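What follows is a single structure, written as structure tokens, with notes after it.
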Amino acid sequence: MNSTTTERVAWITGAAGGLGSALVSAFAAAGYRVAAAGHSTLPNVELESARVWPMRLDVTRADEVCRAVSQIEQRWGGIDVLVNNAGICADHLLAQMNDAEWDRVLAVNLKGPFLCCREVVPSMIQRRLGHILNVASDVARRGGRGRSNYAASKAGLIGLSLSLAQELGGFGICVNAVIPGFMSTPMTTGLDARRAREFQDASVLGAWVEPVRVARFMVDLAGHSHISGQVLQVDGRVSRWT
Ligand SMILES: NC(=O)c1ccc[n+]([C@@H]2O[C@H](COP(=O)([O-])OP(=O)(O)OC[C@H]3O[C@@H](n4cnc5c(N)ncnc54)[C@H](O)[C@@H]3O)[C@@H](O)[C@H]2O)c1
């Protein structure tokens with residue numbers, strides 16, 4: 001069960017979104033069976049096939065997360081790769097940010113991945129395999145005006161990833177955080193042209209990254225069993241060495 005590449009199972013959250021759809025296609029194209037969890041909308045029904053299983057999931061709901069994992073395990077035997085991709089932003093200067101905006105962003109971007117990880121980890125430990133990929137953001141490192149809730153959630157997600165990598169490495173399970181560069185997705189449609197240009201200039205490659213390229217990178221990463229506890233940037237930004 002799940003021992004060959006073609007039979008591997010990936011569970012992707014936020015699967016109807018810009019990066020999520022690209023992830024579903026990329027994992028399916030690589031031979032994975034994909035549990036594609038959408039929230040308000042289901043992932044593209046055209047994708048429904050023996051290989052892709054669209055499901056509805058609010059990652060902030062522990063009961064729904066628990067049900068989703070047991071359904072996937074019943075249907076396909078186990079989850080090899082969890083991609084915590086669901087994410088939201090609600091930008092405001094801190095003084096104008098209300099409790100709901102703070103709580104919701106932290107709930108989706110940080111508590112959701114915690115719930116999903118907690119639910120898949122026992123069976124990954126039992127099977128001595130697995131890869132967890134958490135979609136973070138460069139805002140975690142640099143912060144951003146009006147982005148305190150988003151930055152805190154993504155910095156927390158990186159901390160969660162590094163801690164979990166240490167807890168699970170001994171069981172052969174890898175945990176990594178991936179930082180995509182600026183992508184044109186529903187999340188970024190409202191962004192003004194000046195900020196969009198700044199993102200483009202921040203990359204030495206001089207361009208935004210396409211979701212499909214981030215998705216293919218994540219598929220490749222999921223296939224490695226000796227890369228764990230890393231924060232990997234797919235954004236063309238030059239890293240500081242020290
Ligand atoms: N777009 C960018 O430039 C960019 C850059 C860095 C990181 N990211 C991160 O990439 C990930 C994907 O973002 P995207 O750009 O595709 O945005 P998107 O808005 O297209 O997709 C996000 C998805 O998350 C889902 N979602 C929201 N609340 C949910 C919940 N409670 N439960 C389950 N799913 C929920 C939404 O329905 C949506 O489909 C996010 O984690 C985001 O923070 C995006």
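Both counts, for ligands and for their atoms, begin at 1 and track the order of listing. Model, not experiment: these values are computed from the prediction. Note: hydrogens, waters and symmetry copies are ignored here, and every other heavy atom, side chains too, is used.
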* Asked: To the nearest 0.5 Å, how far apart are NZ in Lys111 and CZ in Arg104?
  -> 11.0 Å

Would you mind listing which atoms of ligand 1 come within a distance below 4.0 Å of any non-hydrogen atom of [X]?
X	value
Pro186	20 (O)
Arg104	31 (N)
Gly17	20 (O), 21 (O), 39 (O)
Ala86	24 (O), 33 (C), 34 (N), 35 (C), 41 (O)
Asp58	30 (C), 31 (N), 32 (N)

Pick from [options]: the one approaching [atom] most closely through a non-hydrogen atom:
atom	options	value
atom 14 (P) of ligand 1	Val234, Thr188, Thr185	Thr185
atom 25 (C) of ligand 1	Gly14, Ser153, Ala16	Gly14
atom 6 (C) of ligand 1	Pro180, Ala37, Ala15, Gly18	Pro180

* Asked: Under 6.0 Å from the six-membered ring centre of Trp53 and within 45° of its axis: does the NZ or CZ of Arg75 meet both?
  -> yes

For ligand 1, note which part of [X] has a heavy atom under 4.0 Å away: side chain, backbone, both or neither.
X	value
Thr41	neither
Tyr150	side chain
Val59	both
Cys89	neither

* Any donor-acceptor pair under 3.5 Å linking the side chain of Arg8 with the backbone of Gly31? -> no

Using a distance-only test with no angle check, is there a side-chain donor-acceptor pair under 3.5 angstrom linking [X] and [Y]?
X	Y	answer
Gln233	Ser239	no
Asn134	Ser161	yes
Asn176	His131	yes

* Test: Arg127 and Asp80 ion pair at under 4.0 Å -> yes

* **Salt bridge flag under 4.0 Å for residues Arg142 and Asp138** => yes

* Please state which protein non-hydrogen atom is closest to atom 5 (C) of ligand 1 and give its distance, to 0.1 Å? -> Gly181 O, 3.6 Å

* Identity and separation of the nearest protein heavy atom to atom 16 (O) of ligand 1 -> Leu19 N, 2.8 Å

* Asked: Would atom 27 (C) of ligand 1 count as contacted, meaning some protein heavy atom under 4.0 Å?
  -> yes

* Give a yes or no on whether Arg147 atom CZ has more than 12 heavy-atom contacts from other residues, nucleotides or ligands under 6.0 Å away. => yes

